[in-house]
Amino acid sequence: MREADRLIKKVKTGTEDSLEDVWYGVAYAVESSLMSAGSVQGDYTLLDLYSLAQPFVLEMWKDESRNMDYDVPFEIMIKSPSLNP
């Protein structure tokens with residue numbers, strides 16, 4: 001399996017409690033499995049890899065001991081007083 005043939009490339013660092021990095025890592029593992037089984041580029045898309053990784057990431061997200069964080073597009077987050085009295 002050649003790194004150049006992958007849709008998801010290996011990166012130098014990641015954060016183990018980051019939702020984005022965990023999802024990236026699981027999608028990478030899914031692609032590794034597909035390539036080991038003989039798949040080639042064109043047999044799957046990037047969205048396929050993330051979709052196949054989703055159930056595994058969801059189970060990891062549910063595990064509260066992992067305390068996973070995720071990136072948000074807001075500089076400041078507030079709680080709604082009406083939703084969280």
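Note that the numbering runs from 1 along the sequence shown for the chain.
- Side chains of M35 and D5 form a contact here, defined as non-hydrogen atoms less than 4.5 Å apart.
- Side-chain contact between V57 and L19 is present, with heavy atoms from C-beta onward closer than 4.5 Å.
- In plain terms, the two heavy atoms of A27 and I8 that are nearest each other are CB-CD1, 3.4 Å.
- The shortest distance between side-chain heavy atoms of V26 and M60 falls below 4.5 Å.
- Remark: side-chain polar atoms of E31 are not paired, donor with acceptor, to backbone N or O of L49 under 3.5 angstrom.
- A donor-acceptor contact shorter than 3.5 Å is absent between the side chain of E20 and the backbone of Y70.
- Heavy-atom neighbours of Y50 OH from other residues, nucleotides or ligands within 6.0 Å: above the threshold of 12.
- No side-chain donor-acceptor contact under 3.5 Å links R6 to the backbone of Q41.
- Counted within 6.0 Å of NZ on K9, heavy atoms from surrounding residues, nucleotides or ligands total more than 12; the atom is thus considered enclosed.
- Rounding to the nearest 0.5 Å gives a distance of 10.0 Å between CG of L7 and CG of L34.
- The closest side-chain heavy-atom distance from T13 to D21 is not below 4.5 Å.
- Residues passing the side chain to side chain contact (heavy atoms under 4.5 Å, CB included) test with D43 are S39, V40, sequence neighbours excluded.
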What verdict does the side-chain contact (heavy atoms from CB on, under 4.5 Å) test give for Y24 and V11, after you've listed the backbone C-alpha separation in whole Å, the side-chain angles of each residue and the deciding distance to 0.1 Å? CA-CA 10 Å; Y24 189 93; V11 294; 3.7 Å; yes
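- Counting only distance, with no hydrogens or angles, the side chain of R2 and the backbone of A4 share no donor-acceptor pair below 3.5 Å.
- With rounding to the nearest 0.5 angstrom, the CH2 atom of W23 is 13.0 Å from the CZ atom of F56.
- For D48 and S51, the side-chain atoms include no donor-acceptor pair closer than 3.5 Å.
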